[in-house]
Amino acid sequence: MTTTLASVCPLDCPDTCSLEVTIDGGRVTRVDGSQRNPYTDGYICAKVRRFPERVYSPLRLLYPQKRVGPKGEGRFERIGWDEAVETIAAGFKRIIAEHGPAAILPHHYGGSNGLFSEEGADSRFFNRLGASELLKTICAAPTGAASRAMYGTMSGVPPEDYELAACIILWGVNPAATSIHMNRCIQRARERGAFIAVVDPRRTKVAAAASLHLQPLPGTDVVLALAIAGELFRSGRADRDFLEAHTDGAAEVEAATAEYTIPKAAQICGLPEEQIRHLIDEYASASPAVIRCGWGVERNRNGGNAVRAILSLPAVAGKFGVRGGGFTMSLSRACPLNTVALARPDLRRDPPRQINMTRLARVLTEPQTPPIAALFVYNSNPVAMNPDQNRLIRGLRRDDLFTVVHEQVMTDTALFADILLPATTFLEQRELKKSYGTHYLQYSEPVIDPLGEAISNVEVFARLARAMGFDEPDVAPGEDGLMAAALDCDRERLGGAGAEELRRDRIVRIRFRDGEDLVQFGTDFPTTPGGKALLAPPQLGTMAYRPPRDTSYPLILLSPATGRTINSTLGEFNLLAPKLSIGRTDAAARAIADGDVVRIYNDLGEVHVHAKVSDAIRAGVVSLPKGMWLESSLNRSTVTALVPDDLTDIGDGACFNDARVEVARAG
Ligand SMILES: Nc1nc2c(c(=O)[nH]1)N[C@H]1C(S)=C(S)[C@@H](COP(=O)(O)OP(=O)(O)OC[C@H]3O[C@@H](n4cnc5c(=O)[nH]c(N)nc54)[C@H](O)[C@@H]3O)O[C@H]1N2
Ligand SMILES: Nc1nc2c(c(=O)[nH]1)N[C@H]1C(S)=C(S)[C@@H](COP(=O)(O)OP(=O)(O)OC[C@H]3O[C@@H](n4cnc5c(=O)[nH]c(N)nc54)[C@H](O)[C@@H]3O)O[C@H]1N2
Ligand SMILES: [Mo]
């Protein structure tokens, strides 16, 4: 007998689709979209349709296992849960006795974007343990730091309202791959005659269909944004009344623009002057006008300054105060849920040692005080996703590192585990899910029994807490306890809804002042002191462009998302031949033809793949997808092997799009 049950996509994507899952004889046979979320409206991506294959994949981890071969080789032997938990607890106790609890490092990111599984049950356990704290910087650290300092928790224009906009600037974002529902809204705006500009070194599908496409050199966006602001000031098109009434720091922005005239910016960014003027004229004259700032911009040594300069434009140009006008960055701060009550940092006795995950490879291979003696990996796949892959693998091979991995499938990182634990998928567990691309909060329940002996993060940390002797109820309160903690918040923002409504309706829309719709500086305001936009907050430092430091390798390597995986998740179905995108001039200079096998290299490593020669990328820049599994390249090395562990100017984030490489035809 078949039934269909409600669920919510858990992947690290802005859209958070509501799903309809078909179950036949206790097995998932189909994953479809549902209309419950009016924004995603029954339409889902091809990747998630294939999620049942992942659930029942031969790579799926079903039982706890212990390593029996050398680290990384992937030889494991099945053990029971009791033995697994006792081994971990004994290992942690030994390490604590020798070095203290800070020698234990949790490693996690966005594998499960659910609030129970990430910064909920896990944080409580590691806080109580006194483990080192991981600074989550491989995504959204610069954008988060800049937008928070400037606007506090004010939310952004939701994608639905893009249909109202007369001018849309898509800046370092590729919605056709990374947020397909926003892409539909943009298409509708285009059909209504909106002017659409794309700022991206690559000619993406969205860029090819745009009214105007600017292809700056990566990392020069701060210069471009300051040139736009400068021209608005100089030509009398800046909204001085708005700046006076609603912002602080406009004078500092104006001063920072002085250096960047349009000719100067054109030269630094590698753009024609007329394109910059065209963009300014369209943006200045349109209302509503909205800027969608993506995450491509931030992953660069200049990323934080780029984001702050871009986010100052709607203030300078006076684009706030109308529905559909302003900017969109992450929308997750609109969600009022109580993240402190979820994570309970007060369960710690001492302030934590903090470890920046962008530097994981370095931290595992350089002496630390105390040493990193244990690594607990969950919700993440660092071998595929963190900078400096070769060095990271050297770190994971350390004999004196005790590594636990809790995973759904045998990833490139799982191969390095000493103890490997099987995790449930979203179809097998309860989850509360906020969104960073919409104004909805959703809740889901299991639709099938856990496969094998897989358990959720909530249950793993409950078992570990018991084994460590942490019997205070707050350490592992279960899903109901976590739900109650999360909902201890400003419920008006949820229209008064609580656990009962979430269980019944599965979805709640986030509301703003005087009704449902978001209007920046209309129904939602900066939560900064004074309620003003702070255009030059001191914690962001001076606004400046840092020219490239190291040019010994001539090409800038980008590693953007593709429509085929979400980060490395679902990459197991996409092992076939990811390609290096290279422009015709750069290829010709190296005698590289379309389809050739190439070696991409720098001092950190090399990656062998096939080349795709085309006009889709500007000169001086090459691109290789993020999220590839090691097996998918010709030499078991992927793009992060070429990414240095430099930190961004603001937020100490990763510089994935600021790698310098050379490319040669492989012999
Ligand atoms: N299908 C799919 N969807 C995803 C993801 C995925 O892996 N797959 N990942 C999800 C996650 S975790 C995130 S954070 C978001 C990311 O969503 P996006 O921000 O859309 O993603 P990116 O692909 O990182 O970068 C977007 C664009 O920025 C461009 N870019 C790179 N460097 C620069 C630069 O210096 N300046 C400018 N102007 N542009 C630049 C790239 O060419 C790329 O086309 O997507 C989410 N959605
Ligand atoms: N080269 C390059 N690298 C990048 C980027 C880039 O632009 N270029 N972008 C970065 C970005 S945007 C991001 S967000 C990060 C993402 O980095 P990660 O968050 O490490 O991304 P994933 O590869 O999706 O790994 C998540 C893993 O968590 C597992 N998982 C899912 N649900 C659960 C669960 O409930 N419990 C447990 N225990 N595990 C679970 C999944 O099976 C998956 O293997 O990568 C960054 N890395
Ligand atoms: Mo991300």
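Ligands are counted one by one from 1 in listed order, and the atoms in each one are counted from 1 as well.
In this structure, Arg292 fails the cation-pi test against Trp171, since its NZ or CZ atom is not both closer than 6.0 Å to the six-membered ring centre and inside 45 degrees of the ring normal. Taking the ring axis of Phe656 as reference, the NZ or CZ atom of Lys626 does not stay both within 45° of it and closer than 6.0 Å to the ring centre.
For ligand 1, the polar-atom distance check finds no N/O of Pro201 at less than 3.5 Å from any of the ligand's N/O atoms. Taking only nitrogen or oxygen atoms, main chain and side chain alike, Asp200 reaches within less than 3.5 Å of ligand 1. Taking any N or O of Gly219, backbone or side chain, at least one lies under 3.5 Å from an N or O belonging to ligand 1.
The closest side-chain donor-acceptor pair between Thr40 and Asp15, if any, does not fall under 3.5 angstrom. Side-chain contact check for Asp12 and Tyr436: at least one donor-acceptor pair (N or O, by modelled atom type) lies under 3.5 Å.
Atoms of ligand 1 lying under 4.0 Å from at least one heavy atom of Lys47, given by number and element, are 1 (N). Within ligand 1, counting atoms from 1 as listed, the ones closer than 4.0 Å to a heavy atom of Pro218 are 34 (C), 35 (O). Every atom of ligand 1 with a heavy atom of Thr204 under 4.0 Å away is listed here by number and element: 44 (O). Within ligand 1, the atoms closer than 4.0 Å to a non-hydrogen atom of Trp171 are 38 (N), numbered from 1 in the order shown. Every atom of ligand 1 is numbered from 1 in the order shown, and the set under 4.0 Å from a heavy atom of Tyr436 is 10 (C), 11 (C), 12 (S), 13 (C), 46 (C). Atoms of ligand 1 lying under 4.0 Å from at least one heavy atom of Thr562, given by number and element, are 1 (N), 2 (C), 8 (N).
At a heavy-atom cutoff of 4.0 Å, ligand 2 is surrounded by Asp12, Arg54, Tyr109, Gly110, Gly111, Ser112, Ile138, Cys139, Arg299, Tyr378, Asn379, Ser380, Asn381, Met385, His406, Glu407, Gln408, Thr411, Ala423, Gln429, Asn457, Ser559, Ile566, Asn567, Ser568, Thr569, Lys626, Val639, Thr640, Phe656.
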